[in-house]
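Remarks on the structure that follows.
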Amino acid sequence: MSAVYVARATHVAARMIGGEMMIMSGRDSSLFSLNPTASALWQAADGVTPLAELVERHICAAYDVEPRVALADAEEVVRDLASHGILRVSDRPIEP
């Protein structure tokens, strides 16, 4: 399986409020509230670090979860956020 890279979209406004990341899409003004694990993933999404490595460093290190389970959950979150234009996804590192 090839690596997956994720980067935050540039047309959003994001603020951490009470342990949750609030994100507003510049595309349609939709508002999203991310739980702490999704917030950690969002903040770590740099476009150059593979998703599996982000999960290991930021999710598995902070929560008692198996890497395989955490990666599957992260892939689902990434698909959902990408479908709303909140994250960009690629099979190669993403240029800023």
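Throughout, residue positions are numbered sequentially from 1 according to the sequence presented.
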Are the side chains of [X] and [Y] in touch, meaning some heavy atoms are under 4.5 Å apart?
X: Val4; Y: Pro50; answer: no
X: Met16; Y: Met22; answer: no
X: Asp91; Y: Tyr5; answer: no
X: Thr49; Y: Arg57; answer: yes
X: Val48; Y: Ile94; answer: no
X: Val55; Y: Pro67; answer: no
X: Trp42; Y: Ile23; answer: yes

Using modelled atom types and a 3.5 Å cut-off, is there a donor and acceptor pairing between side-chain atoms of [X] and backbone atoms of [Y]?
X: Arg8; Y: Asp46; answer: no
X: His58; Y: Ala45; answer: no
X: Arg27; Y: His84; answer: yes
X: Ser39; Y: Leu34; answer: yes

Inset, instruction - Heavy atoms only: give me the nearest Cys60-Val65 pair and the separation to one decimal. - result: SG-O, 3.8 Å
Nearest 0.5 angstrom please: [X] [atom1] to [Y] [atom2], how far?
X: Glu75; Y: Leu51; atom1: CD; atom2: CG; answer: 6.0 Å
X: Leu87; Y: Leu41; atom1: CG; atom2: CG; answer: 7.0 Å
X: Ile86; Y: Ser30; atom1: CD1; atom2: OG; answer: 7.5 Å
X: Met21; Y: Arg15; atom1: CE; atom2: CZ; answer: 9.5 Å

Legend entry - Passing candidate, side-chain contact (heavy atoms from CB on, under 4.5 Å) with Val77, options Asp80, Leu81, Asp73: Leu81
Legend entry - Heavy atoms from other residues, nucleotides or ligands near CD of Glu53 exceed 12 (cutoff 6.0 Å): yes
